[in-house]
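Let me begin by presenting the structure, written as structure tokens, before commenting on it.
In this text, all values refer to a predicted model and were calculated from it rather than measured experimentally.
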Amino acid sequence: MGGDACIAGTRLPVWLFVSLRRQGASDAELLEFYPQLSAADLVNVWAYAEAHPEEIDTDICEQDEAMESEV
């Protein structure tokens, strides 16, 4: 994923889950949307995001900019 932090054993970036949570998704909804993940995976996501807030914010901003440039 271009160097973005991902959930172990997946190509799902941590920033994606932080972004979805900021948009109001609950852990239960995230687990429903991504059934291959466990509650422990989300615990690890939140712990990583808390330990590296600047990295996650930068990743989200970069993704937002990339999406805007596609329009």
Is there a side chain to side chain contact (heavy atoms under 4.5 Å, CB included) between F17 and L37? Walk through the geometry before answering.
CA-CA 12 Å; F17 292 88; L37 300 181; 3.5 Å; yes

Between atom [atom1] of [X] and atom [atom2] of [Y], what is the distance when rounded to the nearest 0.5 Å?
X   : Y   : atom1 : atom2 : answer
F33 : L20 : CZ    : CG    : 8.0 Å
D41 : L31 : CG    : CG    : 8.5 Å
T10 : L16 : OG1   : CG    : 9.5 Å
D59 : H52 : CG    : NE2   : 11.5 Å
L42 : Y34 : CG    : OH    : 11.0 Å
D4  : Q63 : CG    : CD    : 8.0 Å

Search all heavy atoms of [X] against all heavy atoms of [Y] and return the closest pair with its distance.
X   : Y   : value
I60 : S19 : CD1-N, 4.0 Å
E55 : A5  : OE2-CB, 3.8 Å
V14 : A49 : CG1-CB, 4.4 Å
A66 : S69 : O-OG, 2.8 Å

Can a donor-acceptor pair be found, under 3.5 Å and without considering hydrogens, that links the side chain of E50 to the backbone of A47?
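No, the answer is negative, given that no donor and acceptor are paired below the 3.5 Å cut-off.
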
Atom CD of residue position E32 - does it have more than 12 heavy atoms of other residues, nucleotides or ligands inside 6.0 Å?
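Atom CD in E32 is not packed in, count stays at 12 or less.
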
For W46 and D27, which I'm curious about, is there any donor-acceptor pair between the side chains at under 3.5 Å?
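Their side chains do contain a donor-acceptor pair, which is all the 3.5 Å distance test asks for.
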
